[in-house]
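Just below is one structure, and these are the notes that go with it.
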Amino acid sequence: MTVLRIPTPLRAYTGGKSEVIVSGAYVLDTLTDLTSQYPAIKPHLFNESGELRPFVNLFVGESNIKDLQGVETPIKDGDRLMLIPSVAGGAYPHPSLLPKGEGTQTPFSFREKGRG
Amino acid sequence: MNMLKISNELIQRINTHVREAYPEEGAGFLLGADGEVRDVLPLPNAREDEARHNRFLITPEDYLKAEMKAAEIGVDLIGVFHSHPDSPNIPSEYDREWAQPFFSYIITRVDDGQVVSHRSWRLTEDRAKYNEEEIVFSSSQ
């Protein structure tokens, strides 16, 4: 059994819990257990191809799994897992800065020209 | 339409941070409860130098600090603010890919170093699009 800390915006999918108990021998197993307990959280952790979304960071103790063995990192009994998002975003590059022929993509859901 | 309430004092703190960050993007967290911002936490942009003009990144370490600060004052993280230098304050596809559900995203347009306007957005739960929410400015916290 492992304690997994849930970040604020995802607690709506864990019944408001900031920590949940998960089981599994590897990080991926614990995530599978998490999404089986709380299916609605899955689209916010994994993309349509089943890969972890880019903002998802998992820490085993104080170590980011990106510096360990990724989702294949083994979990020892008593380890503490933390799910912490990187928060990112930004404007669309201005068309004048893009190579010729690019820059026709519009900002998300909008037709306004320029950056989004 | 959802509403997000924020005091003029806190908006001024956002304005100061994004003006200082210009021509790069500035960002930070919104701390609060029940659709009302009670504090803001400006943070450094962790993206590399050449990307900061149109990208921002808050590290997981800074995220954790922000959650702890929110807990200290008895509120939650309720959103993120960031600027779009010299560009519309509407979410980009990149914004959508990195967005968190239930967070309010205030985007501030900064043209030539001057704040033009603020708009706030929320990702829909299916992650398909953003809905705009009304920002209600108040004279005090």
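So you know, we letter chains A, B, ... as the sequences are listed, proteins then strands, and number each from 1. If you're wondering where the values come from, they're calculated on a predicted model, not measured in any experiment.
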Point to revise | Main-chain N/O of Ala91(A) paired with Arg55(B) side-chain donor or acceptor, under 3.5 Å | key: yes
**Study point:** Phe56(B) to Val87(A) - nearest heavy-atom pair and separation
**Key:** CE1-O, 3.8 Å
Practice item. List the atom of Asp95(B), the atom of Gly90(A), and the distance in Å for their closest heavy-atom pair. Key: OD1-N, 2.6 Å
Check your understanding: Do Ile73(B) and Leu43(B) sit in the same hydrophobic cluster, where Ile, Leu, Val, Met, Phe, Trp and Tyr count as joined when their side-chain heavy atoms come under 4.5 Å apart?
Key -> yes
Check your understanding: Is the number of heavy atoms from other residues, nucleotides or ligands under 6.0 Å of Asp77(A) CG greater than 12?
Key -> no
Check your understanding: Is a side-chain donor or acceptor of Glu67(B) paired with a backbone partner of Thr8(A) at a separation under 3.5 angstrom?
Key -> yes
Check your understanding: Do the side chains of Met3(B) and Met1(B) join up, straight or via other hydrophobic residues, at under 4.5 Å, putting them in one cluster?
Key -> no
Practice item. Using the rule that two of Ile, Leu, Val, Met, Phe, Trp, Tyr join whenever any of their side-chain heavy atoms come within less than 4.5 Å, decide whether Val20(A) and Tyr26(A) are in one cluster. Key: no
Study note, to complete from the structure: Bottom line for Phe103(B): the part with an atom under 4.5 Å from chain A's heavy atoms is side chain
Review point. Is it the case that more than 12 heavy atoms not belonging to Asp126(B) sit under 6.0 Å from its CG atom?
Key: yes
Review point. Of the backbone (N, CA, C, O) and the side chain (C-beta and beyond), which part of Ala46(B) lies under 4.5 Å from a heavy atom of chain A, both, or neither?
Key: neither
Practice item. Count the heavy atoms belonging to other residues, nucleotides or ligands that lie under 6.0 Å from CD of Glu50(B), then report whether that count exceeds 12. Key: yes
Review point. Hey, does His44(A) have a side-chain heavy atom less than 4.5 Å from the side chain of Gln100(B)?
Key: no
Point to revise | Lys17(A), NZ: over 12 other non-hydrogen atoms inside 6.0 angstrom | key: no
Exercise for review: Please state whether the side chain, the backbone, both or neither of Glu97(B) comes within less than 4.5 Å of a heavy atom of chain A.
Suggested key: backbone
Review point. For the hydrophobic clusters of this structure (ILVMFWY residues joined by side-chain heavy atoms under 4.5 Å, transitively), does one cluster hold both Val18(B) and Phe137(B)?
Key: yes
Revision key, fill the gap. Between Phe55(A) and Ala99(B), the two heavy atoms sitting closest are CE2-O, 3.9 Å
Exercise for review: For residues Phe102(B) and Ala12(A), report the shortest heavy-atom separation together with the two atoms involved.
Suggested key: CE1-CB, 3.3 Å
**Study point:** Shortest non-hydrogen contact between Leu10(A) and Pro101(B), atoms and distance
**Key:** CD2-CG, 3.8 Å
Exercise for review: Give the member of Asn64(A), Val56(A), Asn57(A) that has the highest number of heavy-atom pairs under 4.5 Å with chain B.
Suggested key: Asn57(A)
**Study point:** Student check: side-chain heavy atoms of Leu64(B) and Phe59(A) closer than 4.5 Å
**Key:** no
Review point. Taking side chain as C-beta onward, heavy atoms only, is Trp98(B) less than 4.5 Å from Ser86(A)?
Key: yes
